[in-house]
A.B. asks: 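Just passing along the structure, written as structure tokens.
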Amino acid sequence: MTDAPPQDAAAIRDAALDALERAGSADALEAWRVEYLGRSGRMTQVLRGVAQLPPDERRAAGAAANEAKTVLEQRLADRRAEIEAALAEGLGADAIDVTLPGRPAPNGRYHPSTIVMREIEAIFRGMGFQVAEGPEVEWDRYNFEMLNIPKDHPARDMFDTFWLDANRDPDGGFTTLLRTHTSPMQARIMEAHQPPIRVIVPGKCYRYEATDATHESQFHQIEGLAVDKGITFANLKHTLFQFARQMFGPETRIRFRCDYFPFVEPGVDMAIEWRGDWLEILGAGMVHPNVLRAAGYDPDVYTGFAFGMGPERIAMLKYGINDVRHFLANDVRFLRQFR
Ligand code: YSA
């Protein structure tokens, strides 16, 4: 006599139920089904074994094995339903409603200074100028001395300067600063290159001055420099007239007036007529012989013109902005208006 089938049925049922709890996917359930209830499954084997038992044991053993099989089939069905429900719930949470309108991606925009500077650059590139950039932390030598503004020159008062404590000369004087204009790049470019030169230099400038509607302590300038044999004031005037007409329209009226900058002779400022008023947009002039000489050029051979303009002031004209301080206030209501 053997009691193996009924005991096996109970033991296999318990092991199977245990394994079923751990099966967490449709694939795992199928593997479980094959292992216990498949054609050669462990519970199927037990049922087949009942036929080999002595007749008086078959009834009880068969009933026990059938009951164990029924329990497993029932639990398999329940477990399948549980897994399908969990899967449906997960899918529901991640479901994408493809019929919803798309959310607009927030686009960045160009700053109005950038827009105007690019426009200015494009105009001068079209006239054969290259574009260069230079350092914002500058030596006194380039910002002033090589531009014919020696130490103690009264013209230094035109440029309220942020001096840096990083370097001092033997007398304890400051030697480095935040550049007050882009003009030091004139000296750097002439020092490093031979004529002919036609270049513009966009960049940030800093002045230690009280701010108001037309003055910021940080702003941009675009410097222009042309040096060659035979450059005259007429070339300067033509270049700036071309620029103003492309920038502000072909009918734009332009005014030149004498002005003083130590690095040019003669010096001028240029204004354009805008909404019934004259608005100054740049300083300019013929490069001073001392500046040419300081860069190693012979002023009897080479002449040049230079100019420096403020893109924020130009943007104010173009867009009707009434205060230069808006440019750096980081107010998105202001910045959103430009593309
Ligand atoms: C003059 C002659 C040259 O051959 C070359 C360049 C120059 C310009 C000279 N370097 C200069 O800085 N002149 S400036 O003090 O009159 O500034 C030029 C332009 O920069 C101004 O017309 C204005 O548009 C802008 N600017 C100056 N200070 C500013 C400013 N913009 C905003 N805030 C400030 N504080």
A.B. asks: I'd like to know if the side chain of K318 reaches the main chain of M247, judged simply by a donor and an acceptor atom lying under 3.5 Å from each other, with no hydrogens or angles considered.
C.D. replies: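 At least one qualifying donor-acceptor pair exists.
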A.B. asks: Are F243 and I272 connected, step by step, through hydrophobic side chains (Ile, Leu, Val, Met, Phe, Trp, Tyr) whose heavy atoms are closer than 4.5 Å?
C.D. replies: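 Cluster IDs for F243 and I272 match.
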A.B. asks: Would you call the rings of F327 and F334 parallel, tilted or perpendicular, taking 30° and 60° as the class edges?
C.D. replies: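 Judged by the thresholds at 30° and 60°, the geometry between F327 and F334 is perpendicular.
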A.B. asks: Any donor-acceptor pair under 3.5 Å linking the side-chain atoms of Y319 with those of Q337?
C.D. replies: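 Side-chain D/A pair, Q337 to Y319: absent.
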A.B. asks: Whether the side chain of D269 engages the backbone of G283 through a donor-acceptor N/O pair (distance < 3.5 Å, no angle test) should be reported.
C.D. replies: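 Checked: no pair found.
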A.B. asks: Quick one: does W32's side chain have a donor or acceptor within less than 3.5 Å of a partner on A16's backbone?
C.D. replies: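 At least one qualifying donor-acceptor pair exists.
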A.B. asks: If the threshold is 4.0 Å, N to carboxylate O, is there a salt bridge linking R118 and E121?
C.D. replies: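 Salt bridge flag = no for E121 with R118.
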A.B. asks: Students often mix this up, so state it plainly: with edges at 30° and 60°, are the rings of F129 and F305 parallel, tilted or perpendicular?
C.D. replies: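 Judged by the thresholds at 30° and 60°, the geometry between F129 and F305 is tilted.
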A.B. asks: Is any side-chain N of the basic residue among E67 and R13 closer than 4.0 Å to the acidic one's carboxylate O?
C.D. replies: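 No.
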A.B. asks: Tell me whether I12 is reachable from L17 by hopping between hydrophobic residues (I, L, V, M, F, W, Y) whose side-chain heavy atoms are closer than 4.5 Å.
C.D. replies: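 In one cluster: yes.
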A.B. asks: Which pair of non-hydrogen atoms, one from G285 and one from V268, has the smallest distance, and what is that distance?
C.D. replies: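 The pair with the smallest heavy-atom distance is N-CG2, 4.4 Å.
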A.B. asks: Search all heavy atoms of P202 against all heavy atoms of V131 and return the closest pair with its distance.
C.D. replies: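 Looks like CD-CG1, 3.7 Å.
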A.B. asks: Could you report the tightest heavy-atom contact between L335 and P112, atom names first, then the distance?
C.D. replies: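 Of all heavy-atom pairs spanning L335 and P112, the closest is CD2-CD, 4.1 Å.
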A.B. asks: So, R75 and E21, do they make that salt bridge, N to O below 4.0 Å?
C.D. replies: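 Salt bridge flag = yes for E21 with R75.
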A.B. asks: Give a yes-or-no answer on whether the side chains of H215 and D212 include a donor-acceptor pair shorter than 3.5 Å.
C.D. replies: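 Yes - a donor-acceptor pair under 3.5 Å links their side chains.
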A.B. asks: Check this for me, if you would: do D165 and R168 make a salt bridge, where the nitrogen-to-carboxylate-oxygen distance has to be below 4.0 angstrom?
C.D. replies: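 The answer is yes: the pair qualifies as a salt bridge.
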A.B. asks: Any carboxylate oxygen within less than 4.0 angstrom of a Lys/Arg side-chain nitrogen, looking at E82 and R79?
C.D. replies: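 Salt bridge: yes.
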A.B. asks: Using modelled atom types only, decide if a donor and an acceptor are shared between the side chain of T252 and the backbone of P250 within a distance under 3.5 Å.
C.D. replies: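 Here the side-chain-to-backbone pair does not exist.
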A.B. asks: Between D171 (side chain) and G173 (backbone), is there a donor-acceptor pair under 3.5 Å?
C.D. replies: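 No.
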A.B. asks: Give me the atom names and distance for the closest heavy-atom approach of G134 to V201.
C.D. replies: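 Scanning both residues, the minimum pair turns out to be N-CG1, 4.4 Å.
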A.B. asks: Would you call D228 and R198 a salt bridge, using N to O less than 4.0 angstrom?
C.D. replies: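 Judged by the 4.0 Å cut-off on N to carboxylate O distance, D228 and R198 do form a salt bridge.
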A.B. asks: Are V287 and F307 linked, directly or through other ILVMFWY residues, by side chains that come within less than 4.5 angstrom of each other?
C.D. replies: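 No, because V287 and F307 fall into different hydrophobic clusters, even though each may have its own neighbours under 4.5 Å.
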A.B. asks: Do other residues, nucleotides or ligands put more than 12 heavy atoms under 6.0 Å from the OH atom of Y260?
C.D. replies: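 Yes, enclosed.
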A.B. asks: Please determine whether residues M146 and F261 belong to a single hydrophobic cluster, defined as Ile, Leu, Val, Met, Phe, Trp and Tyr linked transitively by side-chain heavy-atom distances below 4.5 Å.
C.D. replies: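 No, no single cluster joins them.
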A.B. asks: In terms of the angle between their ring planes, are F248 and W274 parallel, tilted or perpendicular, with boundaries placed at 30° and 60°?
C.D. replies: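 Judged by the thresholds at 30° and 60°, the geometry between F248 and W274 is perpendicular.
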A.B. asks: Is the closest side-chain donor-acceptor distance between T99 and D97 under 3.5 Å?
C.D. replies: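 The criterion, which ignores hydrogens and geometry beyond distance, is satisfied for D97 and T99.
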A.B. asks: I'd like to know if the side chain of E223 reaches the main chain of S183, judged simply by a donor and an acceptor atom lying under 3.5 Å from each other, with no hydrogens or angles considered.
C.D. replies: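 Yes; at least one donor-acceptor contact below 3.5 Å.
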A.B. asks: For A234, is there any backbone N or O sitting under 3.5 Å from a side-chain donor or acceptor partner on T232?
C.D. replies: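 Confirmed, T232 side chain pairs with A234 backbone.
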A.B. asks: Is there a ring-ring contact (aromatic ring centres under 6.0 Å, His included) between Y208 and F159? Walk through the geometry before answering.
C.D. replies: CA-CA 8 Å; Y208 183 52; F159 305 99; over 10 Å; no
A.B. asks: Does a side-chain N-to-carboxylate-O contact under 4.0 Å join R141 and E191?
C.D. replies: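 So R141 pairs with E191 through a salt bridge.
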A.B. asks: For the pair H181 and F144, name the ring-plane relationship: parallel under 30°, tilted 30 to 60°, perpendicular over 60°.
C.D. replies: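 Correct class here is tilted.
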A.B. asks: Looking at R156 and D140, is there a salt bridge between them, counting it only when a charged N and a carboxylate O are closer than 4.0 Å?
C.D. replies: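 Here D140 pairs with R156 in a salt bridge, since their nearest N and O are under 4.0 Å apart.
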A.B. asks: Take E312 and S113, measure what side chain to side chain donor-acceptor pair (under 3.5 Å) needs, and give me the verdict at the end.
C.D. replies: CA-CA 6 Å; E312 279 81 20; S113 301; 2.8 Å; yes
A.B. asks: Kindly give the heavy-atom pair with the smallest separation between A65 and L47, and that separation in Å.
C.D. replies: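 What the structure gives for the nearest pair is CB-CD2, 3.7 Å.
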A.B. asks: Is there a side-chain contact (heavy atoms from CB on, under 4.5 Å) between T175 and W139 once you walk through the steps?
C.D. replies: CA-CA 6 Å; T175 54; W139 296 101; 4.0 Å; yes
A.B. asks: Can the ring centres of Y110 and F338 be said to be less than 6.0 Å apart?
C.D. replies: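 No, the ring centres sit 6.0 Å or more apart.
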A.B. asks: Salt-bridged, E73 to K69, with N to O below 4.0 Å?
C.D. replies: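 The answer is yes: the pair qualifies as a salt bridge.
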A.B. asks: Is it the case that one hydrophobic cluster holds both V291 and V199, taking links as side-chain heavy atoms less than 4.5 Å apart, direct or via other members?
C.D. replies: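 Linked, V291 and V199 end up in one cluster.
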A.B. asks: Check for me whether R179 meets the cation-pi criterion with Y206, that is, NZ or CZ under 6.0 Å from the six-membered ring centre and within 45 degrees of the ring axis.
C.D. replies: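 No.
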A.B. asks: Honestly, is R42 close enough over Y36, meaning NZ or CZ under 6.0 Å from the six-membered ring centre and within 45° of the axis?
C.D. replies: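 No, cation not above the ring by the 6.0 Å, 45° rule.
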A.B. asks: How far apart are the closest heavy atoms of M190 and V227, and which atoms are they?
C.D. replies: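 Of all heavy-atom pairs spanning M190 and V227, the closest is SD-CG2, 4.1 Å.
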A.B. asks: Less than 4.0 angstrom from a charged side-chain N to a carboxylate O is my criterion; do R255 and E273 meet it?
C.D. replies: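 Here R255 does not pair with E273 in a salt bridge, since their nearest N and O are not under 4.0 Å apart.
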